[in-house]
Number of protein chains: 2
Amino acid sequence: MKISINADYMLRAVFELAQSKSDKPIPISQIAKSQHIPSKFLEKLFRRLKQYDIVKAIKGKNGGYFLKHKPEEITMHQIIQAAEGQVKIHNCLERSKETTCRNIDNCIFREFWHKFNIHIDEFLKSYTLNDFLTSK
Amino acid sequence: MKISINADYMLRAVFELAQSKSDKPIPISQIAKSQHIPSKFLEKLFRRLKQYDIVKAIKGKNGGYFLKHKPEEITMHQIIQAAEGQVKIHNCLERSKETTCRNIDNCIFREFWHKFNIHIDEFLKSYTLNDFLTSK
DNA sequence: TTAAAACATACTAATTTAGTAGGAATTTGT
DNA sequence: ACAAATTCCTACTAAATTAGTATGTTTTAA
Ligand code: FES
Ligand code: FES
């Protein structure tokens, strides 16, 4: 029940975009360097962030990335979702996955996992990037 | 950020102990069969449950396991902790582990992960085995 | 004394996570 | 026009974790 390193990397990367005062896009190379993340690996993570509508890319020379929305509009939930595909605490909660529980139709624990998941979602949605900016 | 199958197995096994009306210990073989868990694998999990003071073993013929405490005294937190060693959402929160964050002394995210962890702990501590028994 | 149980340890297989390699496509400044 | 810097794309590999087996030993009740 751990956050993946992807989420950690992505959060720090996106935070760096949020901090930027520049009007120019920030290239991956720069973030990779300052956050000590392998550059090629970060590239992949940024493509993910783009898919999930968190950042906007500018291609070509002097290109790079911007946040697509204001920091106060980007929640931790979005970032972790982009990193992990889904925020689901238990296999049963994922669509189209086999469950280990044979008793799925009246499973005693299903509701518990579901509530747990909601609890986590709510927490993650209650934080935005802005909360980290202002705390500096 | 998933619950391991171990936690799932353990929960269902421990629940089966809680349900038992018998005054005799329940052998692993029985639970393995009814829950479709490989028997030898379950053995290992039960040794874990014992270490974490959740069950009590009776050795030898006609032996097996009892819950060590009343169902209302056994929390989900305890069970998941037994399964996963620790309930820590992020590496930084584990004692004696390297963190990916270089900026550890004044890391902006550390507090967030910590709060997240507390939030999860509180939820897991608010459920006991008894909650599942009565909901049947 | 035998059978059924827990206990122990070491190994293996499967899956997931983290990271690399090698480019193609796009854009800008010179 | 062209070189450089960038994103984008796909496939591969390495490392780590998780899940499961194998092969017993020890304990105890009948
Ligand atoms: S259906 Fe998921 S634990 Fe039962
Ligand atoms: S010290 Fe853990 S993310 Fe910074």
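To find a chain, count down the sequence lines: A is the first, B the second, and so on, and within it residues start at 1. All values reported here derive from a predicted model rather than from experimental measurement.
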- prompt: According to a strict under-4.0 Å criterion, is Asn62(A) in side-chain N/O contact with OP1 or OP2 of dT27(C)?
  reply: no

query: Do the two ring centres, one from Phe123(B) and one from Phe112(A), sit under 6.0 Å apart?
result: yes

message: In whole Å, I'd like the distance from the CG atom of Leu45(B) to the C1' atom of dA19(D).
response: 10 Å

Out of dA8(C), dA6(C), dG20(D), whichever nucleotide has its closest atom nearest the side chain of Tyr9(B): dG20(D)

field: d(CD, Glu84(A); P, dT16(C)) in whole Å
entry: 13 Å

message: Check this for me: does the side-chain of Lys61(A) come within 3.5 Å of the base of dT7(D) through a donor and an acceptor?
response: no

query: Between dA5(C) atom C1' and Lys40(B) atom NZ, what is the distance in whole Å?
result: 10 Å

query: Are OP1 or OP2 of dC8(D) and a side-chain N or O of Lys50(A) less than 4.0 angstrom apart?
result: yes

- prompt: If you check every side-chain atom of Lys59(A), which of dT28(D), dC8(D), dA5(C) has the closest atom?
  reply: dC8(D)

field: Distance in Å, Leu17(B) CG paired with Tyr65(B) OH, rounded so as to fall on 0.5 Å steps
entry: 10.0 Å

task: Hey, which sits more toward the 5' end of DNA chain C by its nearest nucleotide, Lys44(B) or Pro38(A)?
output: Lys44(B)

- line: Regarding the side chain of Ala57(A), the nearest nucleotide among dA18(C), dC8(D), dA8(C) is dC8(D)

message: As a quick check of understanding, evaluate side chain to side chain contact (heavy atoms under 4.5 Å, CB included) for Leu129(B) and Met76(B), giving each step before the final call.
response: CA-CA 7 Å; Leu129(B) 271 187; Met76(B) 286 301 111; 4.1 Å; yes

- request: Applying side chain to side chain donor-acceptor pair (under 3.5 Å), run through His90(B) and Asp8(A) and close with a yes or a no.
  value: CA-CA 9 Å; His90(B) 193 286; Asp8(A) 193 290; 2.4 Å; yes

- prompt: Atom CZ of Phe66(B) and atom P of dA5(C): how far apart are they, to the nearest Å?
  reply: 14 Å

- prompt: Is Asn6(A) near enough to dA18(C) that one of its side-chain N or O atoms lies under 4.0 angstrom from OP1 or OP2?
  reply: yes

query: Does the separation of the ring centres of Tyr127(B) and Phe116(A) fall below 6.0 angstrom?
result: no

message: On DNA chain D, does the nearest nucleotide to Ile28(A) precede the nearest nucleotide to Met1(A) from the 5' side, or the other way round? Give the residue.
response: Ile28(A)

statement: Of dC8(D), dT21(D), dG19(C), the nucleotide closest to the side chain of Phe41(A) is dG19(C)

query: With a 4.0 Å cut-off on heavy atoms, is Gly63(A) in touch with a base, just the backbone sugar-phosphate, or nothing at all?
result: sugar-phosphate

task: Check the distance between dT26(D)'s P and Glu43(B)'s CD and give it to me in whole angstrom.
output: 16 Å

- prompt: Taking atom P of dC8(D) as reference, at what distance in whole Å does atom CG of Leu42(A) sit?
  reply: 13 Å

message: Looking at Glu16(A) and Arg12(A), is any side-chain nitrogen of the basic one under 4.0 Å from a carboxylate oxygen of the acidic one?
response: no

field: Tyr65(B) vs dC7(C): side-chain N/O to OP1/OP2 distance below 4.0 Å
entry: yes

Separation of atom CD1 in Ile5(A) from atom C1' in dT16(C), rounded to whole Å: 14 Å

- request: Provide, to the nearest angstrom, the distance between the CZ atom belonging to Phe46(A) and the C1' atom belonging to dC9(D).
  value: 17 Å

task: Test for a donor-acceptor pair under 3.5 Å between the base of dA6(C) and the side chain of Arg47(B), counting only N and O atoms.
output: no

